Participant: 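Right, I'll just put the structure down here and ask away after.
Note that this is a predicted model, so its numbers are computed, not measured. Residue numbers begin at 1 in each chain, while the letters A, B, ... track the order of the sequences.
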Amino acid sequence: MSDIIDEVISSFKVSNIFINRDYLMPDYIPEELPHREDQIRKIAGILAPLYRGERPNNIFIYGLTGTGKTAVSKFVLSNLYKKFPNKFKYVYVNTRQTDTPYRVLADLLEALGVKVPFTGLSIAELYRRLVKAIKEYSLQVVIVLDEIDAFVKKYNDDILYRLSRINSEISKGKVSFIGITNDVKFVDSLDPRVKSSLSEEEIVFPPYNAEELEDILRKRAQMALKPGVLSDSVIRLCAALAAREHGDARRALDLLRVSAEIAERLRDSTVKEEYVYMAKDEIERDRVRDIILTLPFHSKLVLAAIVAKLLEEKNAVLTTGNVYEAYLSISKKLGIEAITQRRVSDILNELDMVGLLTARVVNRGRYGKTKEISLAVDKNIIIKTLTESDNRFADLWG
DNA sequence: CCTCCACTGGAAACTGCGGCAT
DNA sequence: ATGCCGCAGTTTCCAGTGGAGG
């Protein structure tokens with residue numbers, strides 16, 4: 001009995017591909033960040049006043065996904081902190097994960113050593129406590145707000161406005177902000193007061209080109225993978241595929257990692273080029289799966305309605321009204337109370353946003369204005385995942 | 001040039017839940 | 001015990017809107 005388990009464990013432990021898979025994980029921050037030297041120098045320069053206990057300027061960082069914004073920010077801060085831990089304190093908040101005003105403030109307080117209930121208080125109360133905490137705190141505080149564009153889009157710039165005013169509520173300036181955003185146009189949509197206060201310094205992260213991506217991959221692969229499992233052509237392929245999508249380093253690393261995982265799963269001793277293509281599909285499938293599984297119930301229902309409509313009528317032109325009809329018939333079939341068309345219209349926009357479908361607004365003259373909707377992913381994956389997530393969907397299709 | 005379709009998308013408010021302060 | 005809070009998903013109401021067909 002136990003030798004079976006030993007066997008399983010040892011085959012799991014002894015990898016013929018990986019030395020340490022962690023070096024290819026998206027949240028790993030390496031010792032060096034190739035091709036980001038300029039940005040590191042600039043940010044470190046702006047933050048240098050921390051050393052004299054003075055308040056650095058606020059920074060706004062722009063760049064597309066996977067251009068190293070988060071990694072560089074964390075890298076500079078943690079290295080500065082290692083050099084003089086008694087001069088300042090920094091807090092990192094990803095506002096996509098921590099995605100409500102309450103939780104953002106609660107996280108900031110937590111990091112300053114103030115524990116707050118995870119619900120129940122008013123936002124105003126949290127601000128009060130935050131200002132008090134900062135006032136009483138003896139050091140400079142640097143607050144990193146990652147992906148604030150998404151946050152501000154869903155709520156508004158109220159938090160930013162109030163946060164940016166904290167310094168004026170305290171006699172002496174003690175808080176600096178680093179705002180990180182994927183959306184270059186985002187800053188223009190801000191309240192001018194917030195804008196001028198928060199973007200005292202601006203830093204742009206350009207996308208990596210294919211050569212730079214290769215370089216990054218090569219360095220990571222050296223640490224993560226055993227020598228000889230990876231050929232140059234595989235690295236070039238991963239880099240090229242990622243470069244095609246605006247030079248996204250995270251995507252490149254994901255491709256490489258998953259390709260290597262496939263090689264391991266197949267008990268191969270080298271990563272073949274075909275595994276990279278398999279990895280690409282697998283990443284896409286997992287992404288779609290994760291999105292669908294976390295969808296609210298009625299969003300799933302809307303998705304099911306679209307697929308059902310497409311199954312019964314191959315070349316159906318899908319419009320909002322159209323989809324709503326299909327939605328009504330499905331919810332009736334399942335005995336579920338239907339939501340309004342207004343809400344379904346928003347759900348369609350949401351499904352568009354997460355990339356499951358494309359909904360573009362068209363004007364069809366005499367025949368009105370509506371959204372034309374088409375699926376952006378393979379409908380078999382949708383059917384499979386919907387059925388898996390809730391067996392009520394099972395008998396909607398043959 | 002005007003009409004009028006089939007919606008769009010903004011705004012406000014509601015519901016129901018979990019949970020705090022007092 | 002009471003009342004107020006945040007939040008997600010939703011309803012209700014409604015003032016637009018671009019262009020095919022007259």
Participant: Would you sort out whether A:I347 and A:I339 count as a side chain to side chain contact (heavy atoms under 4.5 Å, CB included), showing the intermediate values?
Facilitator: CA-CA 11 Å; A:I347 287 177; A:I339 56 173; 3.7 Å; yes
Participant: Both conditions, 6.0 Å and 45 degrees, for the charged tip of A:K69 above the ring of A:F205: are they met here?
Facilitator: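 Judged by the rule, A:K69 and A:F205 form no cation-pi pair.
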Participant: Using side chain to side chain contact (heavy atoms under 4.5 Å, CB included), reason through A:L112 and A:V141 one step at a time and then give a plain yes or no.
Facilitator: CA-CA 9 Å; A:L112 293 174; A:V141 180; 4.1 Å; yes
Participant: Taking NZ, NE, NH1 and NH2 as the nitrogens, is one of them in A:E214 or A:R218 under 4.0 Å from a carboxylate oxygen of the other?
Facilitator: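 Looking at A:R218 together with A:E214, the answer is yes, because their closest N to O distance falls below 4.0 Å.
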Participant: Please write out each protein N/O paired with an N/O of nucleotides 8-11 of chain C under 3.5 Å, distance rounded to 0.1 Å.
Facilitator:
residue	atom	partner	partner atom	Å
C:dA8	OP2	A:Y155	OH	2.8
C:dT10	OP2	A:R343	NE	3.0
C:dT10	OP2	A:R343	NH2	3.3
C:dT11	OP1	A:T340	N	3.4
C:dT11	OP2	A:T340	N	3.0
C:dT11	OP2	A:T340	OG1	2.8

Participant: For A:E350, check salt bridge (Lys or Arg N to Asp or Glu O under 4.0 Å) against everything at least two apart and list the hits.
Facilitator: A:R343
Participant: Can you see whether A:N94 engages A:E147 through a side-chain donor-acceptor pair at a distance of less than 3.5 angstrom?
Facilitator: yes
Participant: Would you mind checking if A:K153 and A:D149 are paired as a salt bridge, meaning a charged N to carboxylate O distance below 4.0 Å?
Facilitator: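 Salt bridge absent between A:D149 and A:K153.
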Participant: Heavy atoms within less than 4.0 Å of DNA chain B: which residues of residues 105-127 of chain A have one? Give them sorted by number.
Facilitator: A:P117, A:F118, A:T119, A:G120, A:L121
Participant: With heavy atoms of chain A within less than 4.0 Å as the criterion, where does contact along DNA chain B begin and end?
Facilitator: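 From 5' to 3', the first and last contacting nucleotides are B:dT3 to B:dA21.
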Participant: According to a 4.5 Å side-chain heavy-atom criterion applied to Ile, Leu, Val, Met, Phe, Trp and Tyr, with indirect links allowed, do A:I46 and A:V144 form part of one hydrophobic cluster?
Facilitator: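 Yes; tracing contacts between hydrophobic side chains, which count when under 4.5 Å, links both residues.
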Participant: The criterion is salt bridge (Lys or Arg N to Asp or Glu O under 4.0 Å); which residues satisfy it with A:D27, sequence neighbours excluded?
Facilitator: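 Counting only residues at least two positions away or on another chain, A:D27 forms no salt bridge (Lys or Arg N to Asp or Glu O under 4.0 Å).
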Participant: Mind running side chain to side chain contact (heavy atoms under 4.5 Å, CB included) on A:F60 and A:F186 for me, showing each step along the way?
Facilitator: CA-CA 11 Å; A:F60 233 99; A:F186 162 73; 3.7 Å; yes
Participant: Take A:F297 and A:D390 through the side chain to side chain contact (heavy atoms under 4.5 Å, CB included) test and state the conclusion after the steps.
Facilitator: CA-CA 9 Å; A:F297 182 68; A:D390 194 319; 3.6 Å; yes
Participant: So, A:Y208 versus A:D215: side-chain donor-acceptor pair below 3.5 Å or not?
Facilitator: no
Participant: Provide a list of protein-nucleic acid N or O atom pairs under 3.5 angstrom, restricted to nucleotides 18-22 of chain C.
Facilitator:
residue	atom	partner	partner atom	Å
C:dG18	O4'	A:N363	OD1	3.0
C:dG18	O4'	A:N363	ND2	2.7
C:dG18	N2	A:G365	O	3.3
C:dG18	N3	A:N363	OD1	3.3
C:dA20	O4'	A:R366	N	3.2

